[in-house]
Amino acid sequence: MSQNIALNSVTPATTTNPNGPPAVRCVNLTKEFGRGDTRITAVNQVTCDVNPGEMTLLIGPSGCGKTTLISIIAGLLNPTSGEVSVFGQSLDQLRGSRLVQFRARNIGFVFQQYNLMPTLNAAENAAVPLLIAGEYRRRAVAAAEQVLESVGLAERSKSLPSQLSGGQQQRVAIARALIHQPRILVCDEPTAALDTQSGRNVMELLARVAIDPRRAVIVVTHDARVYQFGQRVISMSDGRIESIVNHPENVKGHQ
Amino acid sequence: MNWVAWRMLVGDTTKYFGLVFGISFATLLMTQQISIFVGIMKRTASQVLDVRDAPIWIMDAKTRFIDEAPAIPDTDLMRVRSVPQVAWAVKLYKGQVTARLESGDFRAVILFGLDDSTLVGAPSEMLAGSLSDLNQPDAVIIDKAGYEYMWPDQPLQLGREFELNDRRARLVGVCKASAPFTTLPVLYSRFSTVRGFVPRQRNLMNFILAQPREENNAQATCSAITDQTGLAAYTRNEFFWKTVGYFLSTTGIPVNFGITIGLGFLVGAAVTAQTFYLFTIENLKQFGALKAMGVTNSRILLMVGLQALLVGFVGYGIGIGLTAGFFEVTKNITHLAGLYLQPLAAIGVGIAVIVIILLSAIVASIKVLVLEPAVVFRGG
């Protein structure tokens with residue numbers, strides 16, 4: 001899949017961020033599933049950085065390990081070996097409830113199937129991370145309505161997910177991912193279930209989010225239509241990083 | 001997050017009502033059947049509990065239950081009275097005879113013969129007439145349910161005459177008495193009058209009612225009576241449970257009710273547990289997303305537990321309400337007298353419902369707790 005992209009420049013597997021330390025640093029990450037003959041190495045000796053203020057696309061064929069990699073970066077999976085740190089915090093040092101708290105504070109999630117609660121309306125769905133953090137419901141919902149306004153869904157804040165289009169649901173999911181102002185936004189195939197225009201709208205929204213230099217956006221995608229939105233494209237194959245490509249013109253374009 | 005758990009639960013009304021219905025149904029079935037069972041068992045010995053003025057029952061040593069007591073000689077009354085711990089003792093007859101009505105119809109009736117001078121064992125509440133009217137010739141008092149059974153749809157009317165053993169009996173009062181096991185009328189008369197109502201036999205008295213000299217020493221007095229006379233002596237409660245125990249061990253009632261109650265529990269548990277389990281499983285993705293977003297396992301456990309308790313509370317409340325409604329509607333039906341919502345049944349079923357719902361919550365929670373939050377990244 002990576003060969004279909006017009007790549008501007010190819011860099012070594014590890015790059016350094018001229019603006020400061022990376023948002024995410026992965027060093028020799030390996031993740032294996034199963035044992036003995038059934039052992040599968042999903043991520044194999046991956047070393048890479050994700051910079052703040054950028055949208056990093058993680059691309060590659062199915063089964064290449066990109067979902068496993070973002071699961072490790074998001075603190076949802078423990079690596080078999082190697083290290084991952086997020087804004088200087090080694091996830092290896094966090095266990096149990098500390099890791100859960102770290103995730104709740106620092107990571108925002110956007111899922112392929114949105115994963116909105118069908119019985120909560122848009123504002124209530126977007127308010128969930130604040131509720132997890134212990135915020136009062138009214139305040140959380142009020143904050144969610146403001147975030148929904150920023151993603152262009154102010155008038156649909158009372159709608160249930162079933163009353164929204166796919167693109168609108170994904171924007172609610174983005175609002176939910178942003179409401180607690182996480183430092184890392186992890187998006188898994190955010191446009192896979194959307195038509196071209198909706199996918200484009202969602203990616204433009206994510207690109208605006210990624211401008212914030214205190215935040216990094218990582219997008220796992222198969223969708224060649226969205227490659228243009230990434231400042232960096234990390235291409236994976238068979239659990240390894242094949243290439244890391246910078247798109248400096250995109251940085252310029254979105255600024 | 002409790003609010004989110006609540007919205008997850010009630011947001012899908014079909015599933016929510018399915019859960020509530022399962023628990024309500026189980027509650028209704030179990031509470032109603034247990035209450036009827038307990039009510040019927042109480043009815044087997046209700047006449048023992050109705051005697052409030054003598055705490056000790058004395059009878060032939062081989063007596064197994066209240067309806068089976070053989071007659072004992074009058075001399076036994078003297079022997080009991082001679083026991084030092086006994087303050088007083090009086091005779092009592094309880095048996096079954098046939099009453100022939102003016103219309104020619106006949107009814108089997110339970111007949112009590114009370115001590116002529118003290119009327120110990122008489123009903124405590126009169127609805128018409130007076131206890132002292134029993135001093136009139138051939139006088140009998142009947143319980144209200146019995147009156148309705150013998151003279152259905154007719155107003156209470158004293159002075160009615162009917163025959164017992166070809167002898168005239170005259171109704172002088174209507175009383176309130178606990179319903180017996182069988183729905184037979186209960187008649188009270190003086191012992192001397194009863195002699196004429198019952199076919200002639202060598203001995204008539206089959207119970208002696210006694211009062212211990214020391215108020216709170218009924219148990220010891222019973223032992224003393226048994227030791228000194230060879231007769232069986234029981235406190236009111238002991239005789240009640242002896243009679244109930246007889247019916248429990250020799251009839252199919254407990255088995256039949258046990259099966260119904262057990263099935264109610266099993267069906268209710270299966271419906272509830274399965275529906276709640278499926279409800280939780282269908283929400284696995286939501287729980288997975290919550291876990292990914294930073295909800296701890298203990299919090300998830302609380303959410304599932306809260307959902308279980310909410311469903312249990314509402315379902316149980318509706319079930320108990322329906323049971324209470326059933327007994328409210330049937331309370332004036334004569335042959336269902338004495339059957340009511342037993343508080344202990346309500347408490348017991350409440351505990352059973354909590355067990356059912358918590359077990360389903362635990363089983364369902366295991367799936368949620370072992371769920372890898374990374375599962376949310378799998379599409380589809």
Side-chain angles (χ1 to χ4, degrees), chain A residues 31 62 66-72 74-78 96-121 124-125 127-134 136-138 140-141 160 173 176-177 179-180 182 186-189 192-193 220 222, chain B residues 1-20 275-276 278-304 306-308 310-311 314 365 367-380:
Chain A
K31 178 66 183 177
S62 290
K66 53 191 189 300
T67 298
T68 304
L69 181 59
I70 58 158
S71 296
I72 295 170
L76 299 176
L77 282 179
N78 293 321
S97 60
R98 286 186 65 207
L99 179 61
V100 173
Q101 279 176 10
F102 180 85
R103 214 160 56 214
R105 271 200 295 267
N106 296 293
I107 315 284
F109 293 94
V110 177
F111 307 108
Q112 179 180 343
Q113 295 297 329
Y114 328 126
N115 282 9
L116 299 176
M117 302 245 177
T119 55
L120 303 185
N121 66 33
E124 291 163 347
N125 262 297
V128 165
L130 291 183
L131 296 172
I132 293 172
Y136 288 111
R137 182 166 62 89
R138 283 189 184 174
V141 172
L160 292 172
R176 179 179 66 183
I179 192 167
H180 58 307
V186 175
C187 311
D188 180 44
E189 304 277 8
V220 167
H222 270 106
Chain B
M1 292 307 289
N2 292 343
W3 175 78
V4 173
W6 176 70
R7 288 295 302 274
M8 282 173 79
L9 178 69
V10 301
D12 189 334
T13 46
T14 310
K15 284 179 201 156
Y16 176 63
F17 283 123
L19 280 166
V20 168
T275 316
F276 191 76
L278 288 177
F279 168 78
T280 309
I281 296 305
E282 284 170 15
N283 283 322
L284 266 187
K285 269 239 160 206
Q286 322 299 336
F287 283 120
L290 288 175
K291 285 179 82 167
M293 286 189 280
V295 178
T296 57
N297 266 344
S298 55
R299 191 73 209 164
I300 295 271
L301 209 55
L302 281 176
M303 289 175 74
V304 176
L306 179 72
Q307 288 173 337
L310 278 172
V311 157
V314 175
S365 295
K367 280 270 184 189
V368 181
L369 296 181
V370 300
L371 179 73
E372 281 283 351
V375 76
V376 291
F377 281 139
R378 288 175 207 148

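Computed from a predicted structure; not experimentally measured. Atom set for the values below is all heavy atoms of this structure, side chains included, hydrogens, waters and symmetry mates excluded. Here is the naming used below: chain letters follow the sequence lines, and residue numbers restart at 1 for every chain.
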Please classify the contact between [X] and chain B as side chain, backbone, both or neither, with a heavy-atom cut-off of under 4.5 Å.
| X | result |
| --- | --- |
| L99(A) | neither |
| R176(A) | side chain |
| L120(A) | both |

Query raised in the report: So which of G288(B), G294(B), A292(B) has the biggest tally of heavy-atom pairs under 4.5 Å with chain A?
Result: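 Top count of heavy-atom pairs under 4.5 Å with chain A: A292(B).
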
I need the residue from [options] with the largest number of non-hydrogen atom pairs under 4.5 Å to chain B.
| options | result |
| --- | --- |
| E189(A), E124(A), R105(A), Q101(A) | E124(A) |
| V128(A), V100(A), V220(A) | V100(A) |
| L160(A), I70(A), T68(A) | I70(A) |

Euclidean distance, [Y] [atom2] relative to [X] [atom1], rounded to 0.5 Å:
| X | Y | atom1 | atom2 | answer |
| --- | --- | --- | --- | --- |
| L116(A) | Q286(B) | CG | CD | 8.5 Å |
| M117(A) | N283(B) | CE | CG | 8.0 Å |
| N2(B) | R137(A) | CG | CZ | 11.5 Å |

Query raised in the report: Between the side chain of T119(A) and the main-chain N/O of R7(B), is any donor-acceptor distance below 3.5 Å?
Result: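 Checking the backbone N and O of R7(B) against the side chain of T119(A), a donor-acceptor pair under 3.5 Å is found.
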
Query raised in the report: Can you list the steps and then say if R299(B) with I132(A) is a side-chain contact (heavy atoms from CB on, under 4.5 Å)?
Result: CA-CA 10 Å; R299(B) 191 73 209 164; I132(A) 293 172; over 6 Å; no

